Novice: 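One structure coming up, written as structure tokens, with questions to follow.
Chain letters run A, B, ... following the sequence lines, proteins first and then strands; every chain starts at 1. Computed from a predicted structure; not experimentally measured.
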2 protein chains.
Amino acid sequence: MSKKRQQLVDTAIKLFSAHGYHGVGIDWISREAGVTKKTMYHHFHSKNELILAALKHHDGLFRNEFMNAVKAFHEDPYERLLGIFDVAHHWFSDKKFYGCMFINAIGEYSEPDSSIRNVCQEFKSLMRKYIAQLAEDAGIKDTESIATSLAILLEGSIVTAQVSGTPDSAIEAKKAAKLLVDLALQN
Amino acid sequence: MSKKRQQLVDTAIKLFSAHGYHGVGIDWISREAGVTKKTMYHHFHSKNELILAALKHHDGLFRNEFMNAVKAFHEDPYERLLGIFDVAHHWFSDKKFYGCMFINAIGEYSEPDSSIRNVCQEFKSLMRKYIAQLAEDAGIKDTESIATSLAILLEGSIVTAQVSGTPDSAIEAKKAAKLLVDLALQN
DNA sequence: AAAAAAGTATACTGATCTGTTTAGTGTTGA
DNA sequence: TCAACACTAAACAGATCAGTATACTTTTTT
């Protein structure tokens with residue numbers, strides 16, 4: 001992978017996150033990445049392809065960092081399951097937290113079968129699968145049900161943190177999640 | 001209130017919802033509303049003011065429709081509290097469901113103290129207050145805690161429905177909400 | 001009936017949008 | 001070494017962006 005290409009992807013992620021997708025032009029990204037527009041169009045055939053590349057790169061990077069943070073945060077499987085909200089809280093506390101790139105992308109590109117939408121759905125699907133695995137490790141029987149609930153709570157806490165500008169929703173979501181998880185473990 | 005002005009606000013809500021805020025220009029809105037650009041700038045000093053007017057109008061309209069739907073859906077206070085997810089499910093099932101206008105707005109305008117952000121925060125705050133009222137009517141003691149949980153579940157179900165393209169998340173969120181509400185009623 | 005307000009149509013500004021073109025410079029691997 | 005590749009710089013195309021200007025017509029209010 002070319003170095004310039006990576007600079008373009010990194011810059012795109014940064015600017016799209018902060019200013020939206022229609023809100024950032026190719027010129028801006030190229031300038032910020034220290035690369036000419038020609039080079040940008042050498043690596044990506046269109047703005048849409050750059051958006052896709054940015055989303056795909058962020059997908060891998062984000063999930064990897066998220067999983068490592070959960071692992072590092074707690075040892076116990078039960079605490080790890082709820083630990084996703086501790087990691088979320090840490091994420092929301094970042095000065096440069098602008099919500100979820102994928103949610104924001106869908107907000108601007110609503111066509112039902114677009115490639116952008118597919119990448120976003122794939123990300124959410126993999127996150128849900130990861131939560132289901134954590135639930136299984138914690139000894140929960142109905143992993144699908146709890147994964148769905150916790151995934152919805154996580155999405156809700158992301159959006160709430162984004163709108164309110166505070167990370168508190170992660171703590172609130174964790175409280176609710178704990179009640180649901182404890183109930184699920186009683187059965 | 002002028003008729004043309006209202007046409008502009010209605011059209012703005014429709015187009016911003018479907019294509020985002022940066023994705024829709026003044027020309028497009030004016031053309032679609034059957035109004036000249038001059039008239040548009042007579043009623044609104046800038047695009048930003050039109051966005052604000054659209055959000056504020058949608059705020060009142062949406063909450064009113066939502067509350068009426070909840071009232072019409074169920075009689076019993078307990079069922080009404082959980083009924084917010086039935087109304088959400090109906091909302092998500094609309095062919096023209098593009099997620100929450102306010103969440104999508106924050107995704108494009110992330111400046112911490114912008115007027116757009118304030119309108120969005122106000123909307124979310126009023127929705128939370130409404131849920132707390134429903135919780136009180138249902139005989140729940142710790143209304144604040146349950147309102148927070150249900151608000152997060154509602155946000156999560158909105159975003160999940162938007163990304164997945166199906167209304168199912170409303171049903172899943174309702175299941176989790178029922179467990180939390182029943183727990184809260186035991187105390 | 002007169003005056004004010006709200007509307008039309010159209011063309012314009014200057015900036016920015018995505019994407020292309022031309023012409024030339026480094027870099028690198030077979 | 002030399003050809004392919006990656007890159008720079010800068011201008012260009014055609015469309016669209018937010019917003020303004022000019023000149024005229026319709027509607028409403030006093």
Novice: So, A:R63 and A:D59, do they make that salt bridge, N to O below 4.0 Å?
Specialist: yes
Novice: So what does A:K38 touch, heavy atoms closer than 4.0 Å: a base, only the sugar-phosphate, or nothing?
Specialist: base
Novice: Whole Å only: how far is the CZ atom of B:F44 from the C1' atom of D:dT20?
Specialist: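 Between C1' of D:dT20 and CZ of B:F44: 18 Å.
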Novice: From NE2 of B:H22 over to C1' of C:dT16, roughly how many Å is that when rounded to an integer?
Specialist: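 The answer, rounded to whole Å, is 12 Å.
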Novice: Among C:dT18, C:dG7, D:dT20, which nucleotide sits nearest the side chain of B:H42?
Specialist: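 Between C:dT18, C:dG7, D:dT20, the one nearest the side chain of B:H42 would be C:dG7.
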Novice: Answer yes or no: does a side-chain N or O of B:T36 lie under 4.0 Å from OP1 or OP2 of C:dA9?
Specialist: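 Result: no.
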Novice: Within the 4.0 Å heavy-atom criterion, would you say A:K4 contacts the bases, only the backbone, or no part of the nucleic acid?
Specialist: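 Answer is sugar-phosphate: A:K4 comes under 4.0 Å of backbone atoms only.
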Novice: Looking only at side-chain N and O atoms, does A:S2 come under 4.0 Å of OP1 or OP2 in D:dC7?
Specialist: yes
Novice: Using OP1 and OP2 only, check whether a side-chain N or O of A:H43 sits under 4.0 Å from D:dC7.
Specialist: yes
Novice: Out of D:dT8, C:dT18, C:dG7, which has the shortest distance to the side chain of A:T39?
Specialist: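 In terms of side-chain proximity for A:T39, the closest of D:dT8, C:dT18, C:dG7 is D:dT8.
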Novice: Checking contacts here: which listed nucleotide (D:dT20, D:dT8, C:dG19) is nearest the side-chain heavy atoms of A:V35?
Specialist: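 That would be D:dT8.
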Novice: Find the distance A:I26:CD1 to C:dT18:P and express it as a whole number of Å.
Specialist: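 That distance rounds to 5 Å.
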Novice: Answer yes or no: is there a side-chain heavy-atom contact under 4.5 Å between A:I116 and A:L55?
Specialist: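 Yes, their side chains come closer than 4.5 Å.
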Novice: Please report, rounded to the nearest Å, how far the P atom of C:dT20 is from the CG atom of A:D27.
Specialist: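 From A:D27 CG to C:dT20 P: 14 Å.
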Novice: Report the distance from atom NZ of A:K37 to atom P of C:dT21, rounded to the nearest whole Å.
Specialist: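 Checked: the NZ to P distance equals 13 Å.
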Novice: Looking for any heavy atom pair under 4.0 Å, which part of the strands does B:H45 touch: base, sugar-phosphate only, or nothing?
Specialist: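 Since no nucleic acid heavy atom lies under 4.0 Å of B:H45, the category is nothing.
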Novice: Any idea which of D:dG19, C:dG7, C:dT18 is nearest the B:S46 side chain?
Specialist: D:dG19
Novice: I'd like to know if B:D182 pairs up with B:K178 as an ion pair, taking the criterion as any Lys NZ or Arg NE/NH1/NH2 lying under 4.0 Å from an Asp or Glu carboxylate oxygen.
Specialist: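 Salt bridge between B:D182 and B:K178, a charged N being under 4.0 Å from a carboxylate O: yes.
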Novice: Is the backbone N or O of A:S110 less than 3.5 Å from a side-chain atom of A:S114, with the two atoms forming a donor-acceptor pair by type?
Specialist: no
Novice: Please report, rounded to the nearest Å, how far the P atom of C:dT16 is from the NZ atom of B:K47.
Specialist: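 Atom-to-atom, B:K47 to C:dT16, this comes out as 15 Å.
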Novice: Can a side-chain donor-acceptor contact be found between B:Q6 and B:D10 if the only test is distance below 3.5 angstrom?
Specialist: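 Indeed, the side chains of B:D10 and B:Q6 share at least one donor-acceptor pair under 3.5 Å.
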Novice: A:H19 NE2 to D:dC17 P: how many Å, rounded?
Specialist: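 Rounded to the whole Å, the gap is 21 Å.
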Novice: At under 4.0 Å between heavy atoms, what does B:G34 touch on the DNA or RNA strands: base, sugar-phosphate, or nothing?
Specialist: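 Sugar-phosphate: the residue B:G34, judged by heavy atoms under 4.0 Å, touches backbone atoms but no base.
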Novice: Given atom NZ of B:K3 and atom P of C:dA5, what is their separation to the nearest angstrom?
Specialist: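 Spelled out: NZ on B:K3 to P on C:dA5 is 22 Å.
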